Amino acid sequence: MSINFANQGKASDQVIEQINLRYSEILLIREIGEVASRILEPEILLKYISEALSKRLHFSRGMIMLTNIDRTRLIYVSGYGYNTNEENIINEANFSLDNPNSKGIFYTAFFNQEPFIVNNVTDITSNLSDKTIKFINDLKVKSFICVPIIYEGKSEGILAVDNSKSEFPATQSDLSLLTGIAQQIGISLNNARAHKK
């Protein structure tokens, strides 16, 4: 009998956790929408979006990378959860977009305009380049989601979140949420750029 009560208690805790998670996601979408409607400076906009992601997502780190002017590289423009050393690793990494033989996740997400969800990086290392494996190991990434930032059919960059500890597995629901946020980033960013011009 006590086992049944224990199972019911555990199930109730899981339901409450899911309700809290969904509520936090709704707040995140609302916050990003509000920020996008009032901030028309691209750099400040991305900073506020990163802060909202940090506050509302259960992923320990996240980054927004956009193309440089000639669209040959991805540049880290905003993020959360990284210490100074980790930010240096990201900034020093060369995320080239002009190498058609690249096997990198960011490159593939950007060009194929498809998201990636990986709950255990060891499952995919055999398909990655040494450079990508080194980057993942240097940042101690255990699981991640990477989605392209697209505006009017054109890739603008990527949004990636990860856990350095595997306490929360990435889910299809997380992927859908981040895909929607990436679309909002694309629209908001282009609105801000148009206003700046």
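Nothing here was measured: the structure is a model prediction, and the numbers come from that model.
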Side-chain contact, heavy-atom cut-off 4.5 Å: [X] with [Y]?
X: E86; Y: N88; value: no
X: V161; Y: I145; value: yes
X: I158; Y: L66; value: no
X: V118; Y: I105; value: no
X: F135; Y: I90; value: yes

Spell out, as yes or no, whether a donor-acceptor pair under 3.5 Å connects the side chain of [X] to the backbone of [Y].
X: N163; Y: S143; result: no
X: R61; Y: L139; result: yes
X: D162; Y: V141; result: no
X: S78; Y: L46; result: yes
X: D174; Y: T171; result: yes
X: S188; Y: Q184; result: yes
X: S54; Y: S50; result: no

Who are the salt bridge (charged side-chain N to carboxylate O under 4.0 Å, His left out) partners of [X], not counting sequence neighbours?
X: E87; value: none
X: K131; value: none
X: K55; value: E31
X: R30; value: E34

side-chain hydrogen bond (donor to acceptor under 3.5 Å, both in side chains), that's the test. Do T132 and S129 meet it? Break it down for me. CA-CA 5 Å; T132 301; S129 67; 3.0 Å; yes
Of all the heavy-atom pairs spanning P148 and A109, show the shortest one and how long it is. CB-O, 3.4 Å
Heavy-atom count check: over 12 atoms from other residues, nucleotides or ligands less than 6.0 Å from D130 CG?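 Result for CG/D130: open.
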E156 vs R193, test: salt bridge (charged side-chain N to carboxylate O under 4.0 Å, His left out). Steps then yes/no. CA-CA 12 Å; E156 301 282 344; R193 285 170 176 166; 3.2 Å; yes
If a pair satisfies side-chain hydrogen bond (donor to acceptor under 3.5 Å, both in side chains) and one of its residues is in residues 100-114, list it, with sequence neighbours excluded.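 side-chain hydrogen bond (donor to acceptor under 3.5 Å, both in side chains) check on residues 100-114 returns Q113-S155.
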Across all chains, not counting sequence neighbours, the side chain to side chain donor-acceptor pair (under 3.5 Å) partners of E51 are K47
Hey, could you give me the [atom1]/[atom2] distance between [X] and [Y], rounded to the nearest 0.5 Å?
X: T67; Y: L97; atom1: OG1; atom2: CG; result: 7.0 Å
X: Q172; Y: L177; atom1: CD; atom2: CG; result: 12.0 Å
X: L178; Y: I117; atom1: CG; atom2: CD1; result: 9.0 Å
X: I187; Y: L189; atom1: CD1; atom2: CG; result: 11.0 Å

side-chain hydrogen bond (donor to acceptor under 3.5 Å, both in side chains) assessment of T72 paired with N68: CA-CA 7 Å; T72 57; N68 60 352; 3.0 Å; yes
Would you sort out whether N94 and S96 count as a side-chain hydrogen bond (donor to acceptor under 3.5 Å, both in side chains), showing the intermediate values? CA-CA 6 Å; N94 181 20; S96 173; 5.3 Å; no
Aromatic ring pairing F95/F106, orientation class (parallel under 30°, perpendicular over 60°, tilted between): tilted
